[in-house]
Structures are given as C-alpha cells and as structure tokens.
Amino acid sequence: MTTASPALDVDYLLVGGGLQNALILLALAARKPRASVLLLEQGEVIGGNHIWSFQTLDLPNSALDWARPLIEYEWPGYQLYFDDAARWVKGAYRSLSSEHLHRLVMDAAAASPCIEVRLGSAVTAVHGDVAILADGARLRGQVVVDARGPEAAQPMGRGRFSGGYQKFVGLECLLTTPTNLNTPILMDSRCAQRDGFRFHYILPFAPDRVLIEDTYFSDAPELDVPALSDGIVADAAGLGLAVAEVLRTEAGVLPMPARSHFRAAMTNPIIGGYAGGWFNPGTGYSLAAAVRLAEHLSSVPVGDTFGPQWRRLIRGMGIQARFLAFLNLLMFGFFHGPKRQRLMQRFYLASDPVIHRFFAMRNNPVDMWRIMYVGAPWTPKGWAKRATHSAAS
Ligand SMILES: Cc1cc2nc3c(=O)[nH]c(=O)nc-3n(C[C@H](O)[C@H](O)[C@H](O)COP(=O)(O)OP(=O)(O)OC[C@H]3O[C@@H](n4cnc5c(N)ncnc54)[C@H](O)[C@@H]3O)c2cc1C
C-alpha cells in the first residue's frame with residue numbers, strides 16, 4: 001500500500017465493513033485511485049446478510065460514475081395497494097445483496113495497490129485520527145470514518161413520544177409456479193392489521209424467486225421471527241405466490257426515532273453510517289445518506305474534508321433528519337390503529353417526485369408543506385385535492 005504522508009498510515013481509514021464504508025471505499029476507488037484506503041472489518045465478509053433496496057434519487061445521477069455496479073436488480077417503478085386505493089410510483093427501484101457488495105469491494109481491493117481490506121480485524125476504540133485494534137496495534141488516517149453499525153448507535157428511548165420502529169421478517173422464496181409479478185410491491189396493506197400498521201413488501205427477483213416481507217410500523221421493537229416466518233408462508237398463496245422452498249430469511253428492527261440522532265463533527269473521526277445517524281428517520285433506510293457521505297469524501301481533496309462543502313452537507317442533512325424525525329413524532333405519538341393506515345395512504349397522495357425526494361432526504365420546503373398538510377388527516381378535503389392536483393401537474 002502507498003501512503004501520502006510518512007506520518008500517517010493511510011489517507012482514509014475506514015472502521016467497519018458495512019454498507020457505509022463499503023460505499024466510501026468504492027467511491028474512492030473510482031474517483032481517487034491514488035488515495036490510500038484501509039478498511040477494517042471484524043467479520044469475515046463485507047456487509048453482513050442483507051438485501052438493500054433504494055429508490056431512484058437515493059442513488060442520484062451524480063453518483064452513477066462509481067455507484068452503477070451496485071445495481072444488482074432494477075425495476076421501472078413500484079406498486080402500492082391499500083384497502084380502497086392503489087398507486088403506481090414511477091422511477092427506478094433497485095436492490096443489491098450483501099454478497100454482491102462483498103464481491104465489489106474485494107474486487108476493488110484486488111485491482112488497486114492503494115486499497116487494503118482487512119477482514120477478521122476488530123477495532124476496540126477510535127480516538128481522533130487513531131484506531132486501536134484488538135491486538136493493541138494503532139493505525140492513523142488523515143480521515144477516519146468510524147461506521148461500526150447499529151450496535152454502536154445511540155439507543156432509542158421508549159414511550160409514546162420517542163418514535164417507533166419499522167420491523168420486518170423477509171423470506172426469499174423459490175416458487176413452485178412462476179409468478180407474472182415483474183415489479184415490486186412496496187406496500188400491500190390489504191392484510192389483517194395488527195401491531196401498528198402492517199403490510200406485505202414483495203420483490204420479484206426472477207419469475208420463480210421472490211422476497212416476501214411482513215412489515216410493521218410499530219410502537220414496539222419485539223419481533224417473533226419464527227411465528228412471522230410461518231405466517232408469510234401461509235399468506236403467500238393469498239398473494240398469488242406458491243412457495244416451494246425458503247432460501248433465506250432476513251429480519252430487521254429499524255428505529256424510526258422521534259428525535260434525530262444525526263451528529264457530525266468538524267474533526268476526526270467521522271461517525272458514519274447508522275451509528276452517526278446517517279439514515280432516513282422516516283424509513284429507517286440508510287443507503288441514500290451513506291451515498292451522500294461517500295460522494296462528499298470522494299469529491300473533495302482529502303485536506304478539505306471538513307471544509308465549506310462539509311458544513312453545507314451536514315447542515316442540510318441535519319435539517320432533513322430533524323424534519324423526518326418530527327414526522328415520526330406525529331405518526332407514533334398521535335396515529336394509532338386504523339388512523340396510521342389512513343395516514344400512510346394519504347401520504348401516497350403526493351406526486352412521484354415528492355415521494356422520491358422524501359426517501360432520498362432531499363425534501364424542499366414546498367415538499368415539507370405538502371407532506372405535512374396534504375397527507376395529513378387534519379387537512380380539509382378540498383385542500384388535499386387541490387394540492388394533489390398541483391403536485392401531479
Ligand atoms: C434486515 C435489514 C434490512 C435493511 N434493508 C435496508 C434497505 O433495503 N435499504 C436501506 O437503505 N437500508 C436498509 N437497512 C438499514 C441500513 O441500510 C443498514 O442498517 C445498514 O447496513 C447500515 O450501514 P452501516 O455501514 O452503518 O452499518 P452495517 O452495515 O451494520 O455495518 C457495520 C459493520 O461494522 C462492523 N463492526 C462492528 N463493530 C466492529 C468493530 N469493533 N471492529 C470492526 N468492525 C466492526 C460490523 O461487523 C459490520 O460489518 C436494513 C437493515 C436491516 C437490519
């Protein structure tokens with residue numbers, strides 16, 4: 001490995017080999033091929049066991065030069081079903097598996113003498129620009145990103161006004177008969193409602209292979225994985241899917257906090273990824289925010305990492321995170337039972353671009369107004385219709 005300065009071990013020291021640092025490494029590999037990068041991951045693979053999905057603006061065109069290979073699956077939009085309404089949202093919907101991410105990162109490291117990935121390398125502490133490894137070794141980076149994942153994140157409090165959870169069990173299934181479903185169903189809430197707002201989420205990877213998730217916007221984090229897995233297999237027939245075999249199970253409890261945990265300092269280390277609040281509080285998803293951090297680090301000189309562009313980025317992220325967390329305060333604090341389902345249905349009255357900006361944490365002030373007043377039950381019907389009409393035109 002080459003280094004820019006003899007006083008430092010590397011230009012970029014990445015602690016934790018999950019989604020956040022994998023994206024940073026790929027962006028640096030493409031845009032700064034001469035920068036030295038060292039990624040330290042305690043496990044034996046990059047990215048754990050996940051399918052990450054993302055909407056069209058989560059991966060903006062400006063990032064496609066380095067991020068296009070992330071797209072493992074792509075569809076032109078997705079469908080939503082509620083009890084008495086249905087909706088098609090147009091715009092690329094994409095997914096990638098952790099196996100795919102692992103391959104991309106290892107290939108990037110193999111192709112470059114400046115990039116090193118150390119698997120099985122646990123870090124016990126990060127102080128400033130120094131990471132201390134389990135064997136006592138100390139490594140210094142000009143920029144250090146500490147992204148050790150949800151375990152390192154601030155715990156969310158409990159109580160009516162602390163927010164809630166998006167929690168789910170997903171089964172990747174082989175089907176006995178091919179399905180003609182060829183685009184994702186982001187939400188199908190035509191199922192028995194319990195434990196908050198409940199819906200099915202379906203990704204058709206191939207005619208005979210789908211992911212079926214049973215998802216809840218719930219006040220409580222508890223998740224009975226075996227019982228919900230059995231329920232998914234039982235519900236599948238009603239969704240028009242005949243399950244032959246379950247290939248893989250994934251479960252998640254993603255906090256949707258009522259107060260933003262986003263924090264970013266002006267010095268090392270950057271607490272990146274989930275631990276630093278680089279996720280969308282309104283969805284629990286983090287790919288869009290992780291891309292934003294990767295974009296920043298790969299587009300400014302290493303010495304300008306904490307310069308004016310950083311200040312702009314973190315100010316904008318802070319505003320978005322606070323707005324989205326405030327929506328959680330409203331939803332989990334005041335909308336219970338069928339009211340939560342109606343709230344979600346009304347949110348999807350918004351136009352496609354507003355929905356895309358919501359997921360990508362790029363809400364502008366007009367979007368914020370629309371989401372607060374158009375989608376909310378307290379909005380007079382006439383207003384909602386007018387605003388929906390102007391949003392669509
Ligand atoms: C089941 C599930 C599905 C999800 N689906 C989506 C989705 O579809 N779209 C989306 O945008 N988001 C999704 N999310 C949310 C979010 O993307 C993930 O939480 C994301 O992985 C967070 O990225 P991260 O890099 O912060 O943490 P992680 O990806 O969790 O990575 C942290 C890494 O740090 C390593 N580590 C921890 N401690 C140490 C240590 N001491 N030393 C060295 N390494 C260490 C871990 O082993 C891990 O590899 C999902 C989350 C879950 C749980």
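Only a predicted model underlies this, so the values are computations on that prediction, with no experimental measurement involved. Numbering of residues begins at 1 and proceeds along the displayed sequence. For ligands, and for the atoms within them, numbers begin at 1 and follow the listed sequence.
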Measure the distances from the heavy atoms of [X] to every atom of ligand 1 and state whether one is below 4.0 angstrom.
X    : value
G47  : no
L254 : yes
A251 : yes
G48  : no

Between the main-chain N or O of [Y] and the side-chain N or O of [X], is there a donor-acceptor pair closer than 3.5 Å?
X    : Y    : answer
K167 : E222 : yes
D11  : Q142 : no
Q320 : N363 : yes
E41  : G17  : yes
W310 : H296 : no
E250 : I51  : yes
H261 : P281 : no

I need the nearest protein heavy-atom contact for [atom]: residue, atom name and distance, please.
atom                    : answer
atom 26 (O) of ligand 1 : Y274 N, 2.6 Å
atom 53 (C) of ligand 1 : H50 CE1, 3.4 Å
atom 29 (O) of ligand 1 : L19 N, 3.1 Å
atom 34 (O) of ligand 1 : G16 CA, 3.4 Å
atom 30 (O) of ligand 1 : P150 CD, 3.3 Å
atom 25 (O) of ligand 1 : Q20 N, 2.8 Å

Using a plain distance cutoff, I'd like to know if G252 has any nitrogen or oxygen under 3.5 Å from a nitrogen or oxygen of ligand 1.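 Between G252 and ligand 1 (N or O atoms, distance only) the closest approach is not under 3.5 Å.
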For ligand 1, which is the ligand I care about here, please tell me if V123 has any N or O atom under 3.5 Å from one of the ligand's N or O atoms.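 Looking only at distances, the answer is yes, because the N/O contact criterion of under 3.5 Å is met.
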Closest candidate by heavy atom, reference [atom], pool [options]:
atom                    : options              : result
atom 27 (O) of ligand 1 : A147, G43, G149, G18 : G149
atom 3 (C) of ligand 1  : Y201, W52, F168      : F168
atom 22 (C) of ligand 1 : G273, S286, S53      : S286
atom 48 (C) of ligand 1 : E41, Q55, E44        : E41
atom 44 (N) of ligand 1 : R118, K167, Q42      : Q42

Please could you name the atoms of ligand 1 that [X] approaches to less than 4.0 Å, counting only its heavy atoms?
X    : result
G284 : 15 (C)
S121 : 43 (C)
I51  : 5 (N), 8 (O)
G17  : 33 (C), 34 (O), 49 (O)
E250 : 1 (C), 3 (C)

For the residue pair [X] and [Y], confirm or rule out a side-chain donor-acceptor distance under 3.5 Å.
X    : Y    : result
D214 : Y216 : yes
S53  : Y285 : no
K32  : Y12  : yes
S97  : E72  : yes

Closest approach of P255 to F279 (non-hydrogen atoms, all atoms of both residues):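 Closest pair (atom of P255, atom of F279, distance): O-CE1, 3.8 Å.
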Ion pair check, E295 and R31, cut-off under 4.0 Å: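 Between R31 and E295 there is a salt bridge, with a charged N closer than 4.0 Å to a carboxylate O.
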